[in-house]
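To start, the structure under review is shown below, and the notes come after it.
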Number of protein chains: 2
Amino acid sequence: MANKIAPLSAAMEDYLKAIYLVRGSAAAATTMVLAATLGVSAASVTNMIKKLAVLKLVRHAPYHGVELTPAGEKIALEIVRHHRLLEAFLHDALGLPWDEVHGEAHKLEHVLSDNLEDHIAEYLGDPSVDPHGDPIPTKAGVVVTSAQHTLAELAPGARAVIVRVGAQDPAHLRYLRELGLVPQARLVVLACAPFGGPVRVRVRTRQVALDEPLARQIWVNVARKK
Amino acid sequence: MANKIAPLSAAMEDYLKAIYLVRGSAAAATTMVLAATLGVSAASVTNMIKKLAVLKLVRHAPYHGVELTPAGEKIALEIVRHHRLLEAFLHDALGLPWDEVHGEAHKLEHVLSDNLEDHIAEYLGDPSVDPHGDPIPTKAGVVVTSAQHTLAELAPGARAVIVRVGAQDPAHLRYLRELGLVPQARLVVLACAPFGGPVRVRVRTRQVALDEPLARQIWVNVARKK
DNA sequence: ACCGAAATTTAGTCATGGCTAAATTATATA
DNA sequence: TATATAATTTAGCCATGACTAAATTTCGGT
C-alpha cells in the first residue's frame with residue numbers, strides 16, 4: 001500500500017520540512033531562502049533539490065522555486081508532527097523551558113520511530129498544538145490552523161487570547177515568557193501606533209509595549225463583543 | 001578544564017561504546033568481535049580504530065586487540081549512561097516493553113544533550129540501573145556493579161533475587177518477561193543438571209525450566225540463609 | 001530593450017564511513 | 001618446525017552531503 005521504497009536520510013527530511021515551513025509562511029521556497037533556513041550553501045540546496053526531484057518528492061522549476069509533491073508533503077508533515085510532538089513532550093513531561101524545546105526536538109525528530117511517537121502522543125493525550133501554539137499534524141496528515149490575526153492588526157480596546165507565538169529566537173521567547181505573552185494568555189489592546197509603532201497591551205495585571213515586528217509574530221483569536 | 005576538542009561522530013561513539021561493552025564482558029575487543037557487534041565489516045573496524053587511535057581514545061596493537069584509553073573510556077561511559085538512562089525513561093515513563101527499549105534508546109543516545117539528560121535523570125530520580133538491571137554510570141563515570149553470580153551457578157535450594165538480565169534478543173526478553181524472570185524477582189532453585197542441563201526454578205507460584213545458556217545470562221544476588 | 005546585480009546552477013573538491021578483494025600476519029595442528 | 005587456516009590489515013572503491021569558485025540565468029531599472 002504505502003509507497004515507502006527507501007528510507008530518507010535525515011538531511012532529506014530536513015529539506016522537505018524546510019520547504020513545507022517556508023511555503024506555509026506564504027513565501028516562495030527559493031534556493032537562497034532554503035539555504036538561509038537550513039544553514040547551508042545555496043549550491044548544497046540545488047544539489048539536494050535535484051535528488052528530491054528525482055524521487056518525485058518535489059517539483060523543481062530551475063531558477064524559480066521548488067514545491068512539494070503530495071508524496072513530499074506527506075513526509076514533511078510526518079517530520080513536523082515528530083518535531084512538534086517532541087516539543088510538547090519535552091515541555092509538558094520533562095519541564096524544559098519553551099525556548100529550549102525547539103533545538104532539542106530538532107535533534108530528536110529524525111530518530112523518532114512510529115512506535116515511540118504513538119507512545120508519546122498517547123502519554124500527552126493527543127495534543128493538537130505544541131508549546132508555541134503551532135498545530136501538530138495528525139497521523140493522517142491533517143493540520144488545523146486556528147488563528148487569523150496577529151497582535152499587530154488589532155485596534156485599541158480589542159480583547160484577544162494568544163493562540164500561537166511564531167517567534168523562533170530563544171532570547172525573544174524568554175522575553176515573551178517573562179511578559180506572560182504565551183499561548184492561552186488573555187490580553188487587551190491599549191494602544192497601537194499606526195505605522196510600525198509599538199503595540200501596548202495589558203496582560204494579567206501588567207501593561208507591556210511590544211515593537212511591531214514582534215507583535216506580528218503573535219497570533220490571536222479575537223474575543224467576540226458581548 | 002575538559003579536553004573536548006571536537007565533537008565525535010555518532011559512528012565513533014558507537015565504536016567506543018562497543019569496545020567498552022565487549023571488554024566489560026571479559027572478552028578481548030578484537031576486530032572480528034567488534035565487526036559482529038556493530039554489524040559492519042572487519043575492514044571498517046580497522047579503519048575506524050585507526051582514527052580513534054590518532055585521537056588517543058584507544059590503544060591499538062595491530063593484529064592483537066584494542067583497548068580504551070582513559071579519555072576513550074570517559075566518552076564510552078557517557079554514551080552508556082545516555083543509553084541506559086533512555087532505556088529507563090522509555091520503560092518507566094512511556095511504558096515501552098523492555099524488549100523494545102534497547103533499539104529505541106540506541107537511536108536516541110547520540111542526540112541526547114547534557115541538558116536533556118539532566119532533566120531525564122531528575123525526572124526518574126537518578127536511577128542506578130536500567131530495566132535490564134544494567135548499571136547506569138553516574139555523570140562522573142562511576143559504575144556500580146552488584147551481581148556476582150548467575151542462575152547457572154546456584155545449587156538446588158538456593159534462594160536468590162534477580163538483579164540483572166544480560167540477554168539482548170527481544171524474543172528471549174519477551175520469553176523471560178512472560179515467565180516473570182525480571183529484575184527484582186525472587187526465586188528458588190529446584191534443580192540443576194550439572195553439565196549444561198536446564199535449571200529448574202520456582203518464581204512466584206510457578207515452576208520454570210531454563211536452558212543453561214539463558215541461565216548464564218541471569219545475574220542474581222543470593223539470599224543469606226537465616 | 002538593454003545592462004548589471006543578484007540569484008541560481010554547474011563543476012569540481014573534500015571528509016565520513018561504509019564496502020569488497022587482495023595481501024599480510026598470527027596461530028593451531030600435524 | 002612447517003604449513004594451512006583464520007584473523008587482520010591494506011588498497012581501492014562508492015555514496016552522501018557538505019563546500020568554493022566559476023558559469024549561467026533572471027529581473028529590475030533606466
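Reminder, nothing fancy here: chain letters follow the sequence lines and each chain counts from 1. Since the model is a prediction, treat every value here as computed from it, not as a measurement.
Between the CG atom of A/Leu34 and the C1' atom of C/dT8 there is a distance of 12 Å, given to the nearest Å. Between A/Asn47 atom CG and C/dT13 atom P the separation is 15 Å, expressed in whole Å. Rounded to an integer number of Å, the gap from B/Leu52 CG to C/dG17 C1' is 12 Å. Atom NZ in A/Lys50 sits about 14 Å away from atom P in D/dT16, given to the nearest Å. Taking atom CD1 of residue B/Ile49 and atom P of nucleotide D/dA7, one finds them 15 Å apart after rounding to whole Å. Taking atom NE2 of residue B/His64 and atom P of nucleotide D/dT8, one finds them 10 Å apart after rounding to whole Å. We find that NE2 of A/His60 is positioned 14 Å from P of D/dT25, with the value rounded to whole Å.
Side-chain proximity of B/Met12 to D/dG17, D/dC19, C/dG17: nearest is C/dG17. Set against D/dT8, C/dA7, C/dG18, the side chain of A/Met32 has C/dA7 as its closest nucleotide.
OP1 or OP2 of C/dA15 has not a single side-chain nitrogen or oxygen of B/Lys51 nearer than 4.0 Å. In this structure, B/Thr30 does not reach the D/dA7 phosphate: none of its side-chain N or O atoms is under 4.0 Å from OP1 or OP2. Within the 4.0 Å cut-off from OP1 or OP2 of D/dC19, at least one side-chain nitrogen or oxygen of A/Ser44 is found. For C/dC19, the OP1/OP2 oxygens have a side-chain nitrogen or oxygen of B/Ser41 closer than 4.0 Å. Distances shorter than 4.0 Å separate none of the side-chain N or O atoms of B/Tyr63 from OP1 or OP2 on D/dT10.
Here A/His132 and A/Trp98 bring their ring centres to under 6.0 angstrom of each other.
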Mind running side chain to side chain donor-acceptor pair (under 3.5 Å) on B/Ser113 and A/Glu104 for me, showing each step along the way? CA-CA 8 Å; B/Ser113 70; A/Glu104 298 287 352; 2.6 Å; yes
Test side chain to side chain donor-acceptor pair (under 3.5 Å) on B/Glu87 and B/His83 and set out the steps. CA-CA 6 Å; B/Glu87 287 191 337; B/His83 182 90; 2.9 Å; yes
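Using a 4.0 Å heavy-atom distance criterion, A/Ala43 is classed as a base contact. When heavy atoms are screened at a 4.0 angstrom cut-off, A/Thr46 is found touching base atoms of the nucleic acid.
Contact between A/His110 and A/Ile79 at its shortest, heavy atoms only, is CE1-CG2, 4.3 Å.
Residue order along DNA chain D, read from the 5' end via each residue's closest nucleotide, puts A/Met48 first among A/Met48 and A/Pro62.
Taking CG of A/Leu85 as the start and CG of A/Leu112 as the end, the distance is 7.5 Å to the nearest 0.5 Å.
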